[in-house]
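When a residue number appears, it is its place in the shown sequence, counting from 1.
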Amino acid sequence: MARDVKKRGKPSYTNRRNRQKYLKKKDGKKKLSKSAVPLIKYNWDESKTPRENVRDMGIAFNPNEAVPIRETRKDIIDAVPIDGVSVGVPKPAKKMTGRKTNVKQAAHIVSNLEKQVQEEEEARANQGRKFRLFHRETELCVYMLARHGDDFQAMTRDPKNLWQYTPKQWAKKIRTHKESEMCKFLETA
């Protein structure tokens, strides 16, 4: 009795249909701003390429092009022409194609972005640092402070020092504990 054999072969590929699917998908994803900054999203023009959009906003698309890296090797070695052959060949500058940038709009966008960054930095500086310890370490610090006070050598020799912290490590942990919100909460309770 003959066994059924699965037919294997090339999958059929309709060029026209698949090309249309690809173009439709590509058109849907076309040049959308993936930036989380609302100012950039608002000023994004979908008819332009990302490079043109960023250039029109006055922002660098590629930071390596905006701020060129100084090559130190060229400074060390002096280029000397040999038999009339020049060693350094200058590269032609890149041409910027497309529409001209709106200087006022670019300056406005850049100044707004700088203001946002400055406000965020001030808020971060005013917030201060939050210190947190694990629950087990907080319990241990409370126990050690109640038992030994600020004697870090005694804390090192305590039998509950299972992790064998050194006096410097204890000093750092106790300082972190005293600056944490949990210590302030425990003092008020």
Side-chain angles (χ1 to χ4, degrees), residues 10-134 137 165-166 168-169 171-173 175-177 179-182:
K10 270 190 166 181
S12 62
Y13 183 85
T14 311
N15 190 34
R16 182 171 175 239
R17 188 184 323 142
N18 289 313
R19 183 76 181 152
Q20 285 173 344
K21 282 182 190 176
Y22 167 75
L23 290 173
K24 194 172 185 180
K25 200 181 270 189
K26 183 182 171 190
D27 195 39
K29 293 180 181 177
K30 185 179 179 182
K31 302 168 192 163
L32 295 175
S33 170
K34 294 181 181 176
S35 175
V37 181
L39 188 67
I40 292 176
K41 269 191 174 179
Y42 178 75
N43 289 305
W44 196 265
D45 185 7
E46 292 178 15
S47 64
K48 297 178 186 176
T49 63
R51 187 179 288 270
E52 287 174 350
N53 266 311
V54 172
R55 186 188 68 217
D56 289 348
M57 288 184 216
I59 307 169
F61 184 76
N62 185 356
N64 295 328
E65 290 175 4
V67 182
I69 300 170
R70 233 181 84 221
E71 295 184 21
T72 54
R73 291 182 184 173
K74 287 185 178 177
D75 294 343
I76 297 170
I77 302 170
D78 294 330
V80 179
I82 301 170
D83 296 332
V85 178
S86 63
V87 177
V89 178
K91 292 182 180 177
K94 285 187 177 180
K95 280 189 174 179
M96 296 301 282
T97 59
R99 302 173 210 149
K100 292 189 177 183
T101 58
N102 186 352
V103 179
K104 287 183 182 178
Q105 181 188 8
H108 175 70
I109 292 171
V110 169
S111 64
N112 282 348
L113 285 173
E114 287 174 351
K115 283 179 191 174
Q116 281 182 349
V117 169
Q118 193 174 18
E119 289 170 2
E120 288 176 6
E121 286 177 351
E122 288 173 1
R124 204 174 279 147
N126 293 339
Q127 184 181 17
R129 184 173 170 204
K130 291 185 179 179
F131 296 95
R132 295 190 71 188
L133 288 172
F134 292 114
E137 287 183 344
Y165 291 136
T166 62
K168 278 191 175 181
Q169 287 174 320
K172 188 176 178 184
K173 284 202 184 302
R175 188 178 69 243
T176 306
H177 170 70
E179 292 174 357
S180 71
E181 295 174 6
M182 186 67 176

In this structure, OG1 of T176 is separated from NZ of K172 (nearest 0.5 Å) by 6.5 Å
Quick one: does N53's side chain have a donor or acceptor within less than 3.5 Å of a partner on W44's backbone?
no
Quiz item: Would you find more than 12 non-hydrogen atoms of other residues, nucleotides or ligands less than 6.0 Å from E122 atom CD?
Solution: yes
Contacts of Q105 meeting side chain to side chain donor-acceptor pair (under 3.5 Å) (sequence neighbours excluded), chain-then-number -> none
Output for pair (S111 OG, Q116 CD), nearest 0.5 Å, gives 10.0 Å
When rounded to the nearest 0.5 Å, the distance separating CG of L39 from CG of L113 is 5.0 Å
G58 and V110 have their tightest heavy-atom pair at O-CG2, 3.4 Å
Give the C-alpha distance, both sets of side-chain angles, the deciding distance and a yes or no for side chain to side chain contact (heavy atoms under 4.5 Å, CB included) between E52 and T49.
CA-CA 5 Å; E52 287 174 350; T49 63; 3.3 Å; yes
T166 meets the side chain to side chain donor-acceptor pair (under 3.5 Å) criterion, sequence neighbours left out, with Q169
Between R124 and E119, is the closest basic N to carboxylate O distance under 4.0 Å? no
Sorted by chain and number, sequence neighbours left out, side chain to side chain contact (heavy atoms under 4.5 Å, CB included) with N126 holds for none
E137 meets the salt bridge (Lys or Arg N to Asp or Glu O under 4.0 Å) criterion, sequence neighbours left out, with K173
Those residues at least two apart in sequence (or on a different chain) that pass side chain to side chain contact (heavy atoms under 4.5 Å, CB included) with K115 are N112
message: Run the side chain to side chain contact (heavy atoms under 4.5 Å, CB included) test on I40 and M57 for me, step by step, so that the C-alpha distance in whole Å, both residues' side-chain angles and the decisive distance to 0.1 Å come before the verdict.
response: CA-CA 8 Å; I40 292 176; M57 288 184 216; 4.0 Å; yes
Quiz item: Less than 4.5 Å apart, any side-chain heavy atom of M182 and any of L133?
Solution: no
